[in-house]
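Worksheet: one structure, shown below.
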Amino acid sequence: VVAFKIIVINKAETTPLIIDDNTDALEDTRLKYRYLDLRRPAMQNYLIKRAKIVKCAHEYLDDNGYIEVETPILTLSTPEGARDYLVPSRIHHGKFYALPQSPQMFKQLLMIAGLERYYQIARCFRDEDLRADRQPDFTQIDIEMSFMDQEQVLTMMEGLLKYIFKKVNNVDVELPLRRMEYLEAMSKYGSDKPDTRYELFLHEIKPIVEKADFKPFRDAKYVKALIIPHHAEKASRKAIDDISNEMKKYSLPGIIAFKVSNGKMDGSLLKYVDESIQESLMKSLNLQNDDLILVAAGDVFSDICFALGSLRSRFAKELGLVKPNTYDLLWVVHWPLFEISKETGKITSSHHPFTRPYDEDLKYLESDPLKVFSQAYDIVINGYEAGGGSLRIYDQATQKEIFKILGFSDEDVKRKFGFFIDAFKYGTPPHAGIAFGLDRLSMILGGTDNIRDVIAFPKNLAASCPMSGAPEIVDPEQLDDLGIAIKSK
RNA sequence: GGACCAGUGGUGUAGCGAUUAACAUGUCUCCCUGUCACGGAGAAGAUCGCGGGUUUAAGUCCCGUCUGGUCCGCCA
């Protein structure tokens, strides 16, 4: 190329960050100058992949007869679940819209309307604390369909995933995907979104150790062990103390650690454990020299599982057990319908109040609701919950009963869900649905563990936008219009 | 609401009790060059987030605070 003339189209100042794929600018700086950060090819690739995923969803769902429908952004506040973002109404003094946490009720109403197959690339909003994989303002590939049972839904949806993985990353996903029950995921992997790329399992050892004259073993309802192979030598006293300390997060007093050396168990607390018990532990856990055994004991099943589950993933990373460049997809199925809120002690839906219980469990609905399992399913990829859904309740009576169990008064139900319950009167087909987290799928396929990387203009952990400065105070006139006054804190 | 980690030139890091506060990159000037992450010579640029304390002496230790991140709670 021979240039005859050079014209400066626009002058550029020195950029506050280095525009290069290998930039190591702090995220804070990158977010402040996001428009410069997005000049980097690596960042553009995330957005390109994201767009491809959306395109695939359109293609696959269109081809299978799904109709894209938009549902309102200004909608009704829902009493359960995440905190709503509220939008004051100027016309209706003192009243508020809410931004949707999900188009849940609308998509079910579309089933009643007879659309049979719906989808939407849906913006959702939840006013809860943020995480590396959680933004307050996010996108779901939201799907609902009529006249399908769980197996048909899963088959249809894993077809979509296969299509996306092939088109976006040229990865062949083998179908059908594995189905794992919630209880297995929890007790074996210590997570309801197990990372199945590596083996390293939790073991229930309560039956083996309950005879030991050691209070945690004797009295705790659950005693679980995680074996870290060939790690006893490397685990210093300080490292164990650190782990123990971390267990407080899961409301456990600490961790009990044993080692194996010279073919025998070793550890200061073993004086409380008979040799015969030690031997049967050695045998049933198939312990080898230099193994590190971490034991958690307690009465709350989920605490014990999550505690050891966090150690499981931590050691897997540390020891390089995670297979690189693999995508492990599975369905987690058979979830409990309810759970007890730790904070309030009240019963809440584990999924949402529209989830259909298994027919054979309906008999426990009143007497022992925690025994009721639901026809819900999560898609888990490499330890991420990439989506979830359920078969829905489609008869008015069951839906009303669920609301009752959740503690909504008749008046609450009428005001918050009246329109929804009413609709059930007019003939509701059996229906089911799912929502895939577009942001999470983009992370997984893009190969990043930070959700902000795949969102053009994300919020930081404090839920503000370092670039625009949102949220901000507004003019007093705007507040006046809305009849709102700000109370000082 | 809680725990932990970090905050040093424009950018990213090192320094962890007494150094002219180091390095890389960027910026500016000059030299060289058929470019493609050239190369060479030189220059400017940080009082180490903020406040207080300990000490003869503090980026370096302690306390508080702010900001950012990771996690727990929370996320139907």
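First the proteins, then the strands, lettered A, B, ... as listed; each starts at 1.
If you check the side chains of Asp439(A) and Gln135(A), you find no donor sitting under 3.5 Å from an acceptor. With 3.5 Å as the limit, one finds no donor-acceptor pair spanning the side chains of Asp241(A) and Ser244(A). A donor-acceptor contact closer than 3.5 angstrom links the side chains of Thr196(A) and Asp328(A).
Residue Arg452(A) places its side chain closer to rU70(B) than to any other of rC74(B), rU11(B), rU70(B). Checked against rC75(B), rC72(B), rU11(B), the side chain of Arg134(A) finds its nearest nucleotide in rC75(B). With rC74(B), rC72(B), rU25(B) as the candidates, the nucleotide lying closest to the side chain of Lys249(A) is rC72(B).
Rounded to whole Å, the P atom of rU20(B) lies 34 Å from the corresponding atom of rC30(B). Look at the P atom in both rA44(B) and rG52(B): the space between them is 32 Å, to the nearest Å. Across the P atoms, rG10(B) and rC48(B) are found 13 Å apart, a figure rounded to whole Å. Rounded to a whole angstrom, the distance from the P atom of rU54(B) to that of rA3(B) is 27 Å. Across the C1' atoms, rU19(B) and rC32(B) are found 36 Å apart, a figure rounded to whole Å. A gap of 15 Å separates the P atoms of rU35(B) and rG40(B), to the nearest Å. rA41(B) and rU47(B): their C1' atoms are spaced 30 Å apart (whole Å). Between the C1' atoms of rC31(B) and rC66(B), the separation comes to 48 Å (whole Å).
For Asn245(A) and Arg83(A), each mapped to the nucleotide of RNA chain B holding its nearest heavy atom, the one lying further toward the 5' end belongs to Asn245(A).
Remark: Asp361(A) does not engage Lys371(A) in a salt bridge, criterion side-chain N to carboxylate O under 4.0 Å. In summary, Arg30(A) and Asp453(A) engage in a salt bridge, as defined by a charged side-chain N under 4.0 Å from a carboxylate O. A salt bridge does not link Lys193(A) to Asp378(A): none of the charged side-chain nitrogens sits closer than 4.0 Å to a carboxylate oxygen.
Put simply, CD1 on Ile451(A) is 17 Å from P on rC75(B), counting in whole angstrom units. The separation between Asp129(A) atom CG and rG69(B) atom C1' is 14 Å, rounded to whole Å. Between Glu385(A) atom CD and rC75(B) atom C1' the separation is 9 Å, expressed in whole Å. Gln104(A) has its CD atom 15 Å from the C1' atom of rC75(B), to the nearest Å. Asp37(A) has its CG atom 16 Å from the C1' atom of rG10(B), to the nearest Å. Atom CD1 of Ile18(A) and atom P of rU13(B) are 11 Å apart (whole Å). One can place CZ of Arg40(A) at 16 Å from P of rU11(B), the figure rounded to the nearest angstrom. Taking atom CD of Gln101(A) as the reference point, atom C1' of rC74(B) lies 12 Å away to the nearest angstrom.
Counting non-hydrogen atoms of neighbouring residues, nucleotides and ligands closer than 6.0 angstrom, the OH atom of Tyr97(A) reaches no more than 12 such neighbours. Atom CG of Asp299(A) has more than 12 neighbouring heavy atoms from other residues, nucleotides or ligands inside a 6.0 Å radius.
Across all strands shown, Ser251(A) has no heavy atoms under 4.0 Å from either base or sugar-phosphate atoms. Backbone-only contact: Leu26(A) has heavy atoms under 4.0 Å from sugar-phosphate atoms and none from a base. As judged by a 4.0 angstrom heavy-atom cut-off over every strand, Thr348(A) is placed among residues making no nucleic acid contact. Nucleic acid contact class of Arg131(A) (heavy atoms, under 4.0 Å, all strands): base.
Within the structure, every side-chain polar atom (N or O) of Thr15(A) is placed at least 4.0 Å from both OP1 and OP2 of rG26(B).
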Table of protein N/O atoms under 3.5 Å from nucleotides 64-68 of chain B N/O atoms:
residue, atom, partner, partner atom, Å
rG68(B), OP1, Asn460(A), ND2, 3.2

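For rC71(B), its base never sits under 3.5 Å from the side chain of Arg314(A) at any donor and acceptor pair. Between the base of rC75(B) and the side chain of Arg126(A) there is no donor-acceptor pair shorter than 3.5 Å.
The two atoms that bring Pro336(A) and Ser374(A) nearest to each other are O-OG, 4.0 Å, heavy atoms only.
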